**Student:** 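Handing you a structure now.
Chain identifiers are assigned alphabetically (A, B, ...) following the order of the sequence lines, protein sequences preceding nucleic acid strands; residue numbering begins at 1 within each chain. Keep in mind it's a predicted model, so treat the numbers as computed, not measured.
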Number of protein chains: 2
Amino acid sequence: MLNTSIDFQKPKSSNCGDCELCTQTVENRRVRIQSEEIAAIESIIDSHILIEKNQTVYEAGATFQNLFTVHSGMFKSVYLTQQGDERIVDVFIPGQIMGFDGIHKGKYKTTVKAVSSGSYCVIPFYPLQELAHKHRDIQNRLMKMMSEKIIQFEISHSEYNAKQKLVSFIKDVSDLYYSRGFSANQFPFQISQRDLANYLGLAEETLSRVFSKLKKANILALADHQITIIDHDSFLEIID
Amino acid sequence: MLNTSIDFQKPKSSNCGDCELCTQTVENRRVRIQSEEIAAIESIIDSHILIEKNQTVYEAGATFQNLFTVHSGMFKSVYLTQQGDERIVDVFIPGQIMGFDGIHKGKYKTTVKAVSSGSYCVIPFYPLQELAHKHRDIQNRLMKMMSEKIIQFEISHSEYNAKQKLVSFIKDVSDLYYSRGFSANQFPFQISQRDLANYLGLAEETLSRVFSKLKKANILALADHQITIIDHDSFLEIID
DNA sequence: CGCGTGATTGATATATCTCAATAACGGTGG
DNA sequence: CCACCGTTATTGAGATATATCAATCACGCG
């Protein structure tokens, strides 16, 4: 068994310096930006709110006021269909921004909840927009982040079968941890299979079977809410 | 047979006054906004470029310069997967904006082509951003449009089976025509079943069978690249 | 009129879903 | 620390939706 003692939950700094707003990617790694504008943003951010599993960040229908950035843990965005069943339409991991669906009509379109305990930052949107109006660079970053989200949706729909869906989800999480200086091959994985199945559009049992197959083929291991990618090559072969 | 002589292709005005940038929805209908800012936008727009079926609006990898708004016809956004097959990840109908996927990295992520002959407008992005920097309202509208696109993706993933996917697609098109003053029950439908199947994540044959069933059940008719929704209630029942 | 493309339909294969039973896990209270 | 109970995950057998393969049909275009 590999070392599992790394504490992924603990904030690394007291300000929210590692969300997409305040960092940029250089050679696959996220690094903080140092600038007057970023300092301005940080001055309006409410940092590191702790949250327990299943607690709500924002509720569908509520008045849009804030964007949020995940600091640790995992969050889900739930849409209530007209038939009344819940569809998980997005999953957020550290560094990502939540709440873009509130801008359009001034009300959030989905409900966002914590999948595991974790922490997040609050970015009051209208002050942020004020800053964006002053600083060209911030306006720019904001639009780029929204563009990135649009791309993410475009691409995430391009997988076909259950195995590919799961692997590409795990790969996204892996990439993210890697980009933030953690191992790409071992990382926390706290989402329930029910939620994940819902998100991927699969039955719970189907997802479980795919997991079993991947374990049996010695491609990955799942224990203690940690995933270990054992055979990285075979793992990647599944999706390309 | 109903009247099919309405010319949906012909621009109604010489400036691009009916895209999402320059209109707002009031009671399910799109109306033009009259303001200094909108006039400023219109002054930088290149209006009503004609395009033939299968011609390209922009190519994946090309340098991002412009946003585009559909004026008439239908367009598809194609993503080339690593395995080399083409996935249609988005479909655009009149009034919608194309090109948001270029903002993030300054290069378009997908290729956009005309599904049928049609026309579109070109909005140079950097001049637009300049305007957005000057006019708070334009900055606002831009972000709202991107937010709307994000919501559209969130929601479009919540359908389950083939029939629901198709019906909800047709409904989107119907809603759009309705919002622009046309009939909600009869409108052009020029996309090939191959493209549509690809977009909906179905096999071509499956889609064809669904169409056949809907025709046999007298819910809709498809002739001459026009869809007629015959039984609007049964039609809507399928998705809610 | 003929040819190529796109659409339809049938027969069969396959992936995924559903239902059901069992097993593992995680938290709680003694 | 252990026993208990509810939740979550696993596994099997069978049903179902969709994919695949193949043949035919319809349409638009030169």
**Student:** What is the minimum heavy-atom distance between A/E52 and A/A114, and which atoms define it?
**Tutor:** O-CB, 3.6 Å
**Student:** Using a 4.0 Å heavy-atom cut-off, does B/L202 contact any base of the nucleic acid, only the sugar-phosphate backbone, or nothing at all?
**Tutor:** sugar-phosphate
**Student:** Can you name the closest pair of heavy atoms from A/L220 and A/I230 and give their distance?
**Tutor:** C-CD1, 3.7 Å
**Student:** At what distance, to the nearest 0.5 angstrom, does CG of B/L176 lie from CZ of B/F182?
**Tutor:** 9.5 Å
**Student:** Can you check the A/L207 CG to D/dT11 C1' distance for me, whole Å?
**Tutor:** 14 Å
**Student:** Round to the nearest Å and state the distance from A/L214 atom CG to D/dT11 atom P.
**Tutor:** 13 Å
**Student:** Report the distance from atom NZ of B/K213 to atom C1' of D/dT18, rounded to the nearest whole Å.
**Tutor:** 10 Å
**Student:** Polar-atom pairs under 3.5 Å, protein N or O versus N or O of nucleotides 6-9 of chain D: list them with distances, or write none.
**Tutor:**
{"from": "D/dA9", "atom 1": "OP1", "to": "A/Q193", "atom 2": "N", "distance (Å)": "3.0"}
{"from": "D/dA9", "atom 1": "OP2", "to": "A/Q193", "atom 2": "N", "distance (Å)": "3.2"}

**Student:** Check this one for me: any side-chain N or O of A/T206 less than 4.0 Å away from OP1 or OP2 of C/dC17?
**Tutor:** yes
**Student:** Could you state the atom-to-atom distance from NZ of A/K163 to P of C/dT16 in whole Å?
**Tutor:** 10 Å
**Student:** Just how far is it from atom NZ of A/K165 to atom CG of A/L196, taken to the nearest 0.5 Å?
**Tutor:** 11.0 Å
**Student:** Which atom names give the shortest non-hydrogen contact between A/Q65 and A/Y108, and what distance separates them?
**Tutor:** N-OH, 3.4 Å
**Student:** To the nearest 0.5 angstrom, please state how far the OG atom of B/S183 sits from the CD1 atom of B/I227.
**Tutor:** 12.0 Å
**Student:** Round to the nearest Å and state the distance from B/Q190 atom CD to D/dG28 atom C1'.
**Tutor:** 16 Å
**Student:** In whole angstrom, what separates B/L166's CG from D/dT18's P?
**Tutor:** 12 Å
**Student:** Rounding to a whole Å, what distance do you find between B/F189:CZ and C/dG6:C1'?
**Tutor:** 14 Å
**Student:** With side-chain contact (heavy atoms from CB on, under 4.5 Å) as the test, pick out the partner of B/F75 among B/I93, B/I51, B/V115, B/V91.
**Tutor:** B/I51
**Student:** Ignoring hydrogens, what is the shortest heavy-atom contact between B/D90 and B/Q152? Give both atom names and the distance.
**Tutor:** OD1-NE2, 3.4 Å
**Student:** Which atom pair, heavy atoms only, marks the closest approach of B/A184 to B/Y178?
**Tutor:** CB-CB, 3.8 Å
**Student:** Have a look at B/A162 and say if it touches a base, only the backbone sugar-phosphate, or nothing, with a 4.0 Å heavy-atom cut-off.
**Tutor:** sugar-phosphate
**Student:** Bend angle of the helix from C/dC1-D/dG30 to C/dT16-D/dA15 from five-pair axes at both ends, rounded to 10°?
**Tutor:** 20°
**Student:** Assess the residue pair A/Y58 and A/F68 against the criterion (ring pair (Phe, Tyr, Trp, His ring centres under 6.0 Å)); give the C-alpha distance rounded to whole Å, side-chain angles, the decisive distance to 0.1 Å, and a yes or no.
**Tutor:** CA-CA 10 Å; A/Y58 62 80; A/F68 305 87; 5.6 Å; yes
**Student:** Show me the protein contacts with nucleotides 10-13 of chain C, counting only N or O atoms at under 3.5 Å.
**Tutor:**
{"from": "C/dG10", "atom 1": "N7", "to": "B/R209", "atom 2": "NH1", "distance (Å)": "2.9"}
{"from": "C/dG10", "atom 1": "O6", "to": "B/R209", "atom 2": "NH2", "distance (Å)": "3.2"}
{"from": "C/dA11", "atom 1": "N6", "to": "B/R209", "atom 2": "NH2", "distance (Å)": "3.3"}

**Student:** Would you say that B/T69 contacts B/I97 through its side chain, given a criterion of any heavy-atom pair below 4.5 Å between the two side chains?
**Tutor:** yes
**Student:** Can you tell me how far P of C/dG6 sits from CZ of B/F211, to the nearest Å?
**Tutor:** 16 Å
